Amino acid sequence: MAHTNRDKAKLLTRVRRIQGQATALEKQLNEDPDCIAILQQIAAIRGAVNGLMTAVIEGHLTEHIVQEPDLALRQKDSEVLLQIIKSYLK
């Protein structure tokens, strides 16, 4: 079983939290132009997205790289993951 399936409930909880935070940000932008509150909400969303990314990367590293017995597959997965991380950090 893939780590995303095994951890689906936790990951979906994080996604729903991000959705709630984005909805709250939209409401703030529509109703209250308080820059500080808006910046705090954006920071909270970024932190939540970073937490989600970290959880998925950790599972992927453990299951598809560290525990992968096939060297060629491990190298391929490592290269793909590095490209995703580089893209994420831009």
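Just so it is clear, the structure is predicted and the values come from calculations on it, not from any experiment. Numbering of residues begins at 1 and proceeds along the displayed sequence.
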For residues 13-21, which side-chain N or O atoms pair as donor and acceptor with protein atoms under 3.5 Å away, sequence neighbours left out?
| from | atom 1 | to | atom 2 | distance (Å) |
| --- | --- | --- | --- | --- |
| Thr13 | OG1 | Ala9 | O | 2.9 |
| Arg14 | NH1 | Gly51 | O | 3.3 |

- prompt: With sequence neighbours excluded, what pairs up with His64 under the ring pair (Phe, Tyr, Trp, His ring centres under 6.0 Å) test?
  reply: His3, His60
field: All pairs passing ring pair (Phe, Tyr, Trp, His ring centres under 6.0 Å) where residues 9-39 contributes a residue, at least two apart
entry: none
- request: Determine which pairs satisfy ring pair (Phe, Tyr, Trp, His ring centres under 6.0 Å) with at least one residue from residues 7-50, sequence neighbours left out, and list them in order.
  value: none
field: Sequence neighbours excluded, every pair satisfying side chain to side chain donor-acceptor pair (under 3.5 Å) that has a member inside residues 38-48
entry: none
Considering only distance and modelled atom types, tabulate donor-acceptor pairs under 3.5 Å from the side chains of residues 70-87, sequence neighbours left out.
| from | atom 1 | to | atom 2 | distance (Å) |
| --- | --- | --- | --- | --- |
| Asp70 | OD1 | Ala72 | N | 2.9 |
| Asp70 | OD1 | Leu73 | N | 3.0 |
| Arg74 | NH1 | Glu68 | O | 2.5 |
| Ser78 | OG | Arg74 | O | 2.8 |

For Ile36, the rest of its hydrophobic cluster, which grows through side-chain links under 4.5 angstrom: none
message: Considering only residues two or more places apart or on different chains, which pairs with a residue in residues 9-44 satisfy ring pair (Phe, Tyr, Trp, His ring centres under 6.0 Å)?
response: none
field: Test log, rule side chain to side chain contact (heavy atoms under 4.5 Å, CB included), inputs Asp34 and Gln28
entry: CA-CA 8 Å; Asp34 178 5; Gln28 284 175 312; over 6 Å; no
Contacts of type side-chain hydrogen bond (donor to acceptor under 3.5 Å, both in side chains), residue Asn50, not counting sequence neighbours: Tyr88
- request: Taking side-chain contact (heavy atoms from CB on, under 4.5 Å) as the test, write out the residues that go with Ile42, two or more places apart.
  value: Leu25, Ile38
message: Among residues at least two apart in sequence or on other chains, which ones pass side-chain contact (heavy atoms from CB on, under 4.5 Å) with Lys8?
response: Asn5, Leu12
